[in-house]
Q: 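Can you keep this structure in mind? I'll have questions shortly.
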Amino acid sequence: MGTSPSKKIKIKNEYEYESSEINSLKQQEWINIHQTVSKNTSNCYNSYYQKIEFEENNGEHFLFYWIDAMEKMGTVYLFGKVYDKRNKKFISCCVTVNNIMRNLFILPRKYLLNENGKETEQKVEIIDVLEEMENIRKKYQISSWRFKSVKRKYAFEEQDVPAETNYFKAVYSFKDRQLPSNISGKTFSRIFGTNTNALELLIIKRKLMGPCWIKVTNYNKSQRMISWCKTEIVVSSPKSINVCNKNDPEIIKEIPPFVIMSLNIKTVLNTKCNLNEIVIASAIIYPNVNIVDYITNPRQEHDQFTILRKLPDVPFPFGLKELLASSNKKVEIVQNEIALLNYLMAIIQKRDPDIIVGHNFIDFHLDILLHRMKSLGISNWSRIGRFRRTMWPNLQLGAGGMGESSIAEKSVTCGRLLCDTFYGAKEYLNSPNNGLTYLSKLLLNIKREEIEPEKTFKYFLTKNQLIHLIQHTEFDSFLSSAIMFKIQLLPLTNQLTGFAGNLWSKTLCGSLVDRNEFLLLHAFHGKKFICPDKYDYKKRQNNNWNKKKTTYSGGLVLEPKKGFYNKYILILDFNSLYPSIIQEYNICFTTVNCKDNNEDNEENNKLPEISNQFLEVGILPKLLKTLVQRRKQVKSIIKTCKDPKELISLDIRQKALKLTANSLYGYLGYNLSRFYAKPIAMLVTSKGREILQNTVDLAKKRSYDVIYGDTDSIMINTNTDDLNKVKNIGNEIKKAVNEKYKFLEIEIEGYYRKMLLLRKKNYAALIEKELNNKIEKIIEKKGAEVVRRDWCPLSINASDYILEQLFSDDSRENCKEKIYSYLRKLSENIRTNQYITEDYIINKTLSKNPEDYSDWNIQPHVLVALRLKAKGVGCHPGDTIQYVVCKDDQKKNLSERAYHPNEIKINNKLKIDYEWYLNEQILPLVLSLCEPIEEVNNNELSKSLGLNSSKYIYYQSNAFYNSNLEPTTFTFDINIPKEQKFKNVEKWNPICCHCNQKSEFVGIFREKDGNSQSSLKCPKCNKMMPYGSLAAQLHHAIKNHVKKFNNVSNCDNSHTHTKQLNVNIKGCINQSCNGNKTNEVYLGKSLFIQLEYYSYLFNVKKTGKSIEKEELAVFSALNNIVKRYIEKITREYVDQKSIT
RNA sequence: UUUCGGAGCGC
DNA sequence: ATTACTATTGGCGCTCCGAAA
Ligand SMILES: [Mg+2]
Ligand SMILES: [Mg+2]
């Protein structure tokens, strides 16, 4: 990771800093050895000014750096920057590309089909095809098209498509209708390219490889206002878009400076309808950023502004304005949320950022911003992006900020790149936690204070606290931009996009699929191949994306020779094994049979052969070869390069090339990928296994002791203390292996001085590094508890300590004693409550919404999450849930004894179950670490922990003591979240249209006569109730509830209810609230709970049982009805409120 | 011992 | 009294947990 952060940057007393300190902090953070080379960025561009100057009204061409693009109705809009001659600066520009044509490739049959679809003897002539196509043209009302005969290659899944043949290429407008993708006729068997979209065509055919300078020719000024860009251009043909030629003497390498805005908002939860409302928005704007030159960024000009809004029922604390005025801050105070959002949109329009940065911006802040703007009717909402819009897209269901943003939401920001440091960290760092607090500490060494969203409103009570909250908001926007610079997110994604040739905005969103798809599209299109079409109707039908089954075998993992080694261990590792294999064996779509066999039979899982008839190097190997060669080139330049600034950008380039090459294999094995090639993926892994095995055999033949190996590496016990001997062995094997291959390359990865090999993929080792004549000792831990989040800090510390002792130079006897006494001390301290609660926290991630777990009652973290959610704390998939195991004599199950740290803080009856921790968190780990150490005795270890030598006893006593409890008693508490929530809802009793009898609808399944049956079956007459009947009754029922709610709520003045936020959710309403409001709030809430109840009834995800496909469709349709109402009512409810 | 479900490390 | 669907998701190998057989 580039450079290490400077060490001593801390904020004293959390947030008591002056505004000027923010600046000095940044200064300190970013100053480093490279500062001498940082120049005034604008000077870099001086030499290019003449070449790229731009005037709207004349000239044959102009230069344009594109960063983003979108498509609407077959027209493509490119967004980017041009240099404005008059004002001498870069401004945003939108180029509208009209008249992009669909490209169809019609595969003619050899023989004509007759009426029955049978092949005849009659050969197909050109005229036959044209005739049939003419009928199709009329049928689909296509105004006109042109034909041309072309030669194309094909190598993908579809059977019966020749490797190379003549096609009829049809070209027609996107204004005309799209043909169905599975169309075929008497004279042709298939048409490729029916559903290819205009943007893809433009990018592929004009060979746009990521953001770059484009020469735009034959352009006109736009007549309509299409975008929010400062200037707009129209071209009438895609041919006007030309990537600047590399051989052009006027070539421009520099990326223009960008306007970057780091945006952060604070919200308050409106308990009435579970809505997040925006109360503070804060942004830092860097108006002139050279993304490659990241070191200079924070020291460039920037400015910050903040908008604060008043809460409806809460006056601002006295003296706030004076305090703000004296603090020299740009804080705009407005009266309500509408004004805040209008102001924010105005700023965005004025400053026109190219890139918006935030932490978890895409899934959280953006979603909230859009929901609020839609609800409050902000007219210029689309300024969040650069394309003018009047129609709202479908927003994510629900109230906003509750889950991932939809594609529609992401697309409205088109023209401005969203740079989300949460996504970025997830993809390019492997940090155990990607929260802003953790990342700040890790990357910037800055301690960040957590403010729980549900407590925000409390900060509105005093002026100092409110200032604190404002500073916190401002500081968060600084942090996310600092993290973005630190992990070099923009230059890295810029490079990745350049190699893959996709959209930069997609790279920033983090999916590998899109990058690899475009990488291959460019590569195959360039060689005149027809590429697979976008959505395969066959695949879409059986979209069982729910299940992730392993479909072919992967890497070889050698059985480890477990134990403790104190002689040198040699590690050899193949560089980029899979990409190398593809080159070594010339594995490609063109050399391996990838036809879709359509059946899951044996044949399909048989390993394909590499066909020898193609002597020519395949496309994939060629592609990877150029990537590898480019990387080698870059690395060789790095060796001689002296310019530190250049070094950093070269290193990023090198990294991006490696990432691109390595991610290709995963994409080929991904079953929904457009270039899915299971045979290739299978072949690659099988070759990998073969190669590793051969390497092991080679080493063994030379009588070396291979103790372990994983996929692409082997470890050898050299049984010597002489490092030179070890190196010789390494070189010997390396030479012998590398001789056998042309592309594959094994390298010495390192040496372990000592090693503790515990299990497959689980070991610790001591590495000695020589640095400036000093030997630095590092303990490397792989797969060990120490690196895992699901162990509490106490376990991790214990594990760390023991490893340290085992690897120390102490005698075994000393070491043993130290461990025993450490454990004695530890257990004593635990039992006498010497540690804080935090030391007992266990982390687990929520992989789905807590409600969606089928076994929620036995998962500690799920139960904790459910309780958190009931209290109004948002719990989303991907969140890490903390819990601590407590003692409770009434409860047996671990899951029921798990509590969130905050619950323990509040409830002093909860006591940590020390014995459980000693038995389950400390002992197993200690035993497993010490198992290979002969001198250390298991009994002694348990005794040191005061555990009477065995887990068994603990379990025994527990089992005995639990046998007195009725098993059913457990379920009571467990059910609380749901049972309690839906305690007062009205049950749904639809009438069966067959027997006209009412019966309660209880969920997906109904227990009847001891059997579980679908609840779509009427329990009275056992006939299936049709969808229509149910839907109508559901509409009716919901409308009744809504009507009831509206009648009451119109009687009084509605208010937001931020004041009562600290009241817990079930505890109805606070005393300070008058009766009228109480009533309304209660009703509002009950309406939402009622609707949630309906949604719960139809939630198919929750049940573990399998459901018939048709029934599943009915349930999800019913669920969608409910969701639509929820969305609609949420909107109306807010509208009503905002009138006051 | 298997199955299912759940963690998240490893390459 | 008949819903919705534009759209999204890299691979496999290995060891833990718990529950029901
Ligand atoms: Mg490797
Ligand atoms: Mg390796």
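All values reported here derive from a predicted model rather than from experimental measurement. Below, chain A is the first sequence line, B the second, and so on; all start at residue 1.
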Q: Under 4.0 Å between any heavy atoms, over every strand shown, what does A:G554 touch: base, sugar-phosphate, or nothing? Just pick one.
A: sugar-phosphate
Q: How would you list, by chain and number, every residue that makes a side-chain hydrogen bond (donor to acceptor under 3.5 Å, both in side chains) with A:T660, sequence neighbours excluded?
A: none
Q: Is any side-chain nitrogen or oxygen of A:R759 closer than 4.0 Å to OP1 or OP2 of C:dC16?
A: yes
Q: Could you say whether A:T685 or A:G1028 is positioned toward the 5' end of DNA chain C, judged by the nucleotide with the nearest heavy atom to each?
A: A:G1028
Q: C:dT6 P sits how many Å from A:L199 CG, rounded?
A: 20 Å
Q: Distance under 6.0 Å and angle within 45° of the ring axis: does A:K848 meet both against A:Y853?
A: yes
Q: Can you identify which nucleotide, out of C:dA19, C:dC14, C:dT3, has its nearest atom closest to the A:Y1027 side chain?
A: C:dT3
Q: At what distance, to the nearest 0.5 angstrom, does CG of A:N843 lie from OH of A:Y883?
A: 9.0 Å
Q: Please report, rounded to the nearest Å, how far the C1' atom of C:dT6 is from the CE atom of A:M73.
A: 14 Å
Q: Assess the side chains of A:T507 and A:T497: does a donor N or O sit below 3.5 Å from an acceptor N or O?
A: yes
Q: Can you give one letter per nucleotide of nucleotides 6-11 of chain B, 5' to 3': B if a protein heavy atom sits under 4.0 Å from the base, S if only from the sugar-phosphate, - if neither?
A: SBSSBS
Q: Measure the distance from CG on A:N893 to C1' on C:dA20 and round it to the nearest whole Å.
A: 14 Å
Q: At 4.0 Å (heavy atoms only), tell me whether A:Y552 reaches a base, stays on the sugar-phosphate, or touches nothing.
A: sugar-phosphate
Q: Under 3.5 Å, is there a donor-acceptor pair linking the side chains of A:S795 and A:Q921?
A: yes
Q: Mind calculating the distance between CE (A:M1024) and C1' (C:dA1) to the nearest angstrom?
A: 17 Å
Q: Write down the distance between CG (A:L672) and C1' (C:dG11), rounded to a whole number of angstrom.
A: 13 Å
Q: Give a yes-or-no answer on whether the side chains of A:R689 and A:T711 include a donor-acceptor pair shorter than 3.5 Å.
A: no
Q: From NE2 of A:H994 over to P of C:dA1, roughly how many Å is that when rounded to an integer?
A: 16 Å
Q: Looking at A:K760 and A:E559, is there a salt bridge between them, counting it only when a charged N and a carboxylate O are closer than 4.0 Å?
A: yes
Q: Could you check A:K760 against A:S663 and say which one's nearest nucleotide on DNA chain C is further toward the 5' end?
A: A:S663
